[in-house]
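All remarks here apply to the structure that follows.
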Amino acid sequence: PHRARSSSPSALRRRRGRGGKMAAAFSLREVLGAFQTCVTEQREVLLGPYLRGWRGLIRFLHSLGAIFSFVTKDAVAKVQIMEEHCRGQRREQYVSLQSMVQYELGNGLVDVENPARSVENSGCRTVLRLHRALRWLQLFLEGLRTGQEDSRTSIICRDSYNASLATYHPWVVRKVATAAFCTLPSRNAFLEIMNVGTPEEAIAMLGEALPYICDVYGITQELFARHKLLDLP
C-alpha cells in the first residue's frame with residue numbers, strides 16, 4: 001500500500017503542536033495583509049501589524065516541523081516580549097518602531113556608547129533579532145518565488161541563510177541548520193503550504209507580499225543604522 005511521505009504538503013499542514021492540538025494553518029494572505037498595513041504615510045512602521053505578520057511567519061516555520069526550531073523558538077520569545085511592551089504601561093511609546101527607538105534612546109534603555117549596559121529585553125534589542133531573521137525569510141521566500149519547479153529548496157534556504165542569519169550564529173548552530181535544510185520538501189510542496197491555491201497563485205501572491213516585507217525591512221534597517229543600533233549585543 002502507498003505510504004505518504006512525511007514531507008508531503010498534507011503532512012506538513014497536519015503538524016501538531018504541544019498537547020496534540022492542531023497548529024493554526026499558515027496563510028500567506030494573512031502575512032500579506034499584516035505587512036500591507038505596517039507602513040504609514042509618514043513611513044513609520046507600526047508594531048501591531050509588524051508582530052501580526054511575524055505571528056504568521058512563525059506559523060509558516062512551525063508547519064515545517066522541528067527543523068527550523070533554531071529560529072522559531074527565538075522568534076516566538078521575541079514576539080512575546082514585544083507584545084508585552086505594546087500592552088504595558090508605556091504602550092503609547094511602542095506604537096511604532098520610530099516612537100520605540102526615540103523613547104528607549106531618550107530614557108537610557110539602550111546605550112549605543114556602551115551597548116553592554118543596554119536593557120536585555122529592550123524593544124530595540126528584541127526587534128533587531130526579529131529584523132535579522134526577517135531578512136533570511138525574505139531572501140528564502142524570494143528564492144522560492146523566482147526558482148524553477150525543480151529548484152532545490154535546500155540550496156535556496158542555505159544560500160539565504162548564509163547571506164543573512166548565519167553571520168550571527170555560532171559555528172555549531174550553522175552546522176545544525178545547514179544539515180536540517182537538506183530535509184526540506186520540494187518547491188511545489190512549499191508553495192502548497194502557502195494555502196492560497198495552485199503553485200502559480202502562490203507565486204503571484206509572493207510577488208505581491210514580498211515588496212511590503214522588503215519595505216518594512218528597509219525602513220527598519222535605515223532607522224537602526226541611523227541610530228547605530230545594528231550591532232546591539
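Residue numbers start at 1 and run along the sequence shown. Given the structure is predicted, the values throughout are model-derived calculations rather than measurements.
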Examine distances only and state if a side-chain atom of [X] and a backbone atom of [Y] form a donor-acceptor pair shorter than 3.5 Å.
{"X": "Arg226", "Y": "Leu223", "result": "no"}
{"X": "Thr153", "Y": "Ser186", "result": "no"}
{"X": "Thr198", "Y": "Glu201", "result": "yes"}
{"X": "Ser63", "Y": "Phe26", "result": "no"}
{"X": "Gln138", "Y": "Leu210", "result": "no"}
{"X": "Arg187", "Y": "Arg152", "result": "no"}
{"X": "Thr167", "Y": "Ala163", "result": "no"}
{"X": "Glu44", "Y": "Leu97", "result": "no"}
{"X": "Arg129", "Y": "Ala75", "result": "no"}
{"X": "Thr178", "Y": "Lys175", "result": "no"}

Counting C-beta onward and ignoring hydrogens, is there a side-chain heavy-atom pair between [X] and [Y] closer than 4.5 Å?
{"X": "Leu105", "Y": "Leu229", "result": "yes"}
{"X": "Val45", "Y": "Ser96", "result": "no"}
{"X": "Trp54", "Y": "Leu134", "result": "yes"}
{"X": "Phe60", "Y": "Phe190", "result": "yes"}
{"X": "Val95", "Y": "Met100", "result": "no"}
{"X": "Val79", "Y": "Val76", "result": "no"}
{"X": "Phe140", "Y": "Phe181", "result": "no"}

Does the ring of Tyr168 carry Arg132 above it, NZ/CZ under 6.0 angstrom from centre and within 45° of its axis?
->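 The answer is yes, since Arg132 meets both limits relative to Tyr168.
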
Cation-pi between Arg90 and Tyr103: NZ/CZ under 6.0 Å from ring centre and within 45° of the ring axis?
->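 No, Arg90 does not lie over the aromatic ring of Tyr103.
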
Angle class for the Tyr94/His85 ring planes (parallel below 30°, perpendicular above 60°, tilted otherwise)?
->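 The arrangement is parallel - the two ring planes meet at less than 30°.
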
Angle class for the Tyr161/His169 ring planes (parallel below 30°, perpendicular above 60°, tilted otherwise)?
->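 Tilted, since the angle between the ring planes falls between 30° and 60°.
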
Quick one: list whatever passes ring-ring contact (aromatic ring centres under 6.0 Å, His included) with His227, sequence neighbours left out.
->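 Partners of His227 under the ring-ring contact (aromatic ring centres under 6.0 Å, His included) test: none.
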
What do you reckon, is CD of Gln102 surrounded by more than 12 foreign heavy atoms closer than 6.0 Å?
->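 Result for CD/Gln102: open.
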
Heavy-atom count around Glu92 CD within 6.0 Å, excluding the residue itself: above 12?
->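 Above 12, so yes.
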
CG/Asp215 to CZ/Arg43 distance, rounded to the nearest 0.5 angstrom?
->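 If we round to the nearest 0.5 Å, Asp215:CG and Arg43:CZ are 4.0 Å apart.
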
Residues Glu30, Arg59: salt bridge by 4.0 Å N-O rule =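 Salt bridge flag = yes for Arg59 with Glu30.
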
